[in-house]
Amino acid sequence: MKSIGILTAGGDSPGLNAAIRGVGKAALDRNMQVLGFLDGFRGLMENRFIRLNKTNLSGILTVGGTILGTSRDKPNRMPIGGQKMDMTAVMIENYHKHHLDCLVCLGGGGTQKNAYRLMQAGINVVTMPKTIDNDVFGTDVTFGFDTALGIATEAIDRLHSTAHSHHRIIVVEIMGHNTGWLTLGSGIAGGADVILIPEIPFFVNVVAAAIEKRSRSGQRFSIVAVAEGAMSDEIAGDYYDALARKKAAKNKKARKKASAELNAVEERRKGHTLRLSRKLEELTGLESRVTILGHVQRGGTPSAADRLLATRLGTACAYFIDTEQFGVMVAACGDGAQAVPLEDVVGRRKSVPLDHPWIKSARSLGTSLGDV
Ligand code: F6P
């Protein structure tokens, strides 16, 4: 009989419980024992777990968040007593203490990397791609994205009421970390007039000109959907320079210096949505208001598409474990699931390609993407 452990790590995301249920029920059906470690990698380190069975796996399909709890703690940099410590060995020990055959890690890009580290330290892992950002490399889509897309789209729909009634600019900030999938998708679906994503550095004058053009044609309001990671052309230059220096750094000292430079640029990025709104008011003479959607986008009942995706990847995950296909991420591939080697996933991010059909569509509609 096989024994497996499951943990959820990184930000919570709609569909996590559906995935836990999918893996858990399919694993029980294949005669496996299933443990759920609490609060991500920290629970594995502290040996905090629950036994998952048909009873506690029931009734969770539609519940938001994760019944296992989560954290952003990394095995090799675990905050303990004010210090960051490498606790990989303790996790490996706990894995063996439970005689586990595999650890299933549900998470985004960071979790893929952390699971890979544990794999390199000698244990069997299988991962699943979750995040509202949809930025995990190697999968068609991540679960959580569809729900967040729906929430952000509905928010843009609702913001239209105030925008057109008060003849205002509404700048709505949408999550997505360093990628623009969520902003671009919801911006198009919600009919935003300007869409600003990290992949396309923007010029504030171009955005203002697009809004003024709308005003001149009688449309006295504009919705600007801006990704939390969007960058003005000026900041983008400094950001990519610092990033390139960090990647090229040959030793620890150079890496530390480049990291500090990158952090300084990140600091300058903070509050960019409020600054953008103020600048647009100044340049257009129109009233502008900001809405930051924040964690609302990750909350509540997962959409039907996310439940389906998480369930089909979860059940495929149990199959991959049973057939001993370890060291892989269970990726969505068309209507099916594919076992993608973790080394092909780790350290890569799925950004929006500049020739993506969504970008072409937005441009064809006359939506401004803030570039020249
Ligand atoms: O990765 C999901 C995400 O919601 C990102 O879109 C966002 O940048 C980040 O997590 C926020 O993280 P936290 O909830 O830890 O502030």
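Side chains included, hydrogens not; waters and symmetry mates left out as well; all remaining heavy atoms used. Just so you know, ligand 1 is whichever comes first in the structure, and atom 1 is the first atom listed for that ligand.
- Salt bridge annotation for Arg268-Asp238: present, with a cationic side-chain nitrogen under 4.0 angstrom from a carboxylate oxygen.
- Sorted by chain and number, the heavy-atom contacts of ligand 1 below 4.0 Å come from Arg72, Thr131, Ile132, Asp133, Met175, Gly176, His177, Glu228, His295, Arg298.
- Tested against Asp306 for a side chain to side chain donor-acceptor pair (under 3.5 Å), the candidates Thr311, Thr147, Thr142 yield a single pass: Thr147.
- Using a 4.0 Å cut-off between charged nitrogen and carboxylate oxygen, Glu266 and Lys270 do not count as a salt-bridge pair.
- Taking each heavy atom of Trp181 and Pro353 in turn, the nearest pair found is CH2-CD, 3.8 Å.
- At least one side-chain heavy atom of Arg278 sits under 4.5 Å from a side-chain heavy atom of Leu274.
- Here the shortest heavy-atom pairing between Arg42 and Ser71 reads CB-OG, 4.3 Å.
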